[in-house]
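All remarks here apply to the structure that follows.
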There are 2 protein chains.
Amino acid sequence: MNRVTNISQQFAAHNYKLTPQREAIVRILLDNEKDHLSVEEVYMLVKRKFPHLGLATVYRTLELLCELHIVQKMNFGDGVARYDLRDDDHMHMHHHLICNVCGKLEEIKDDWLLELEARVAREYGFSVTDHRLDFKGTYNSCQKNGCKGDKECRAVS
Amino acid sequence: MNRVTNISQQFAAHNYKLTPQREAIVRILLDNEKDHLSVEEVYMLVKRKFPHLGLATVYRTLELLCELHIVQKMNFGDGVARYDLRDDDHMHMHHHLICNVCGKLEEIKDDWLLELEARVAREYGFSVTDHRLDFKGTYNSCQKNGCKGDKECRAVS
DNA sequence: GCTTATATCGTAAGGATTACTAATTATTCT
DNA sequence: AGAATAATTAGTAATCCTTACGATATAAGC
């Protein structure tokens, strides 16, 4: 099924309407799935096709998408919230690799934590509904370029 | 060795001085290790013993501690940065359990990710220097109290 | 078609963090 | 010890991101 149609149905299921503004925002997110866009970036991109759209609408729509578990609001330490499309099952977030040198943010779609979640349930009496796993480090290909220094810790990870 | 002494040496090693203000802040962090304090909370606590301390000094000191890898700045979604003491080796962060019902934040000190880090290195050519692993879910003991709803997704996780 | 609810727009208000200047404290050199 | 230099702090102003608000516009129900 078309992803926009799918999302439209999820809106309807919760008595929300997929207005033209909301649809434009959703399309921007789908078209830039790899990019972990910030509110401002979404705003800029969607304004090309929809010049009259207001910034507050972007904030509200992203909050709505978050509530519907279509996206996940995240903070990678650059001072702005970023939004990441969830997997189709809307269950778990994928993992991230964040390079200290080049700054690249790569996604790992596999879920590597099923075993650990079972362990958490067993040992801590805690049933996991979601997780977040980020790795910081350096790509081997970036290693030779040297490290920019140890300032990355200042970021809110 | 005394932890304050140890930290003092780390300051000296980087040509920073452990001033009375900085030491007071460090002591507050050590005394409230489990609590993931925010800047404002540190400020309030340290002012009891050190009424003339300024808020900006708290911000600067925590940034400094972050640079020295003594603490880790984190964002758990409540709009403020929180600071978490690193393990003694200053290498890796511990993991967190965050309950959707009671809001409790528990730490898991074991490092469960060594194998996954090896896998990342092998499959992605990425050598991990640090990680972040948070589990969201509910304690079995909280389950019977019911869930507050699905608004937790609005938080920046 | 009129009424009611929902969504948008633009901007004002809020809150957390950073930037900045003057004052204070420590260090170095003679 | 005393002057000069450097490091640190205090207090507040400025900045930036986000939320709140009132008015307008759009859609839904009868």
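If you're wondering where the values come from, they're calculated on a predicted model, not measured in any experiment. Every chain is numbered from 1 and lettered A, B, ... according to where its sequence line falls, protein lines coming before strand lines.
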Task: Residues B:D84, B:R86: salt bridge by 4.0 Å N-O rule - done: no
- [ ] Determine, for A:R27 against A:E23, whether the closest basic-nitrogen to carboxylate-oxygen distance falls under 4.0 angstrom.
- [x] yes
TODO: Determine, using ring centers only, whether A:F135 and A:H96 are less than 6.0 Å apart.
DONE: no
Please report, rounded to the nearest Å, how far the [atom2] atom of [N] is from the [atom1] atom of [X].
X: A:Y59; N: D:dC21; atom1: OH; atom2: C1'; result: 16 Å
X: A:Y43; N: D:dC16; atom1: OH; atom2: P; result: 16 Å
X: B:L53; N: D:dT12; atom1: CG; atom2: P; result: 14 Å
X: A:D78; N: C:dT18; atom1: CG; atom2: C1'; result: 16 Å
X: B:L64; N: D:dA7; atom1: CG; atom2: P; result: 13 Å
X: A:H52; N: C:dG10; atom1: NE2; atom2: P; result: 8 Å
X: B:R22; N: D:dA10; atom1: CZ; atom2: C1'; result: 14 Å
X: A:F50; N: C:dA7; atom1: CZ; atom2: C1'; result: 12 Å

Task: First encountered from the 5' end of DNA chain D, between B:L55 and B:P20 - done: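 Checking each residue's closest nucleotide, the 5'-ward one belongs to B:P20.
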Task: A:E123 atom CD, over 12 foreign heavy atoms within 6.0 Å - done: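 Buried by this count: over 12 neighbours within 6.0 Å.
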Taking OP1 and OP2 of [N], is either one under 4.0 Å from a side-chain nitrogen or oxygen of [X]?
X: A:T57; N: C:dT8; result: no
X: A:Q21; N: D:dT26; result: no
X: B:T19; N: C:dA26; result: no

Of the candidate nucleotides [options], which contains the atom at the shortest distance from the side chain of [X]?
X: B:Y16; options: D:dA10, D:dT8, D:dT19; answer: D:dT8
X: B:K17; options: D:dA7, C:dC9, D:dA10; answer: D:dA7
X: B:A56; options: D:dG11, C:dA16, D:dT19; answer: D:dG11

Open item on the list: Using a heavy-atom cut-off of 4.0 Å across all strands, would you classify A:R60 as base, sugar-phosphate, or nothing?
Closed with: base
- [ ] Specify whether B:H95 and B:W112 have parallel, tilted or perpendicular ring planes, treating 30° as the upper limit for parallel and 60° as the lower limit for perpendicular.
- [x] tilted
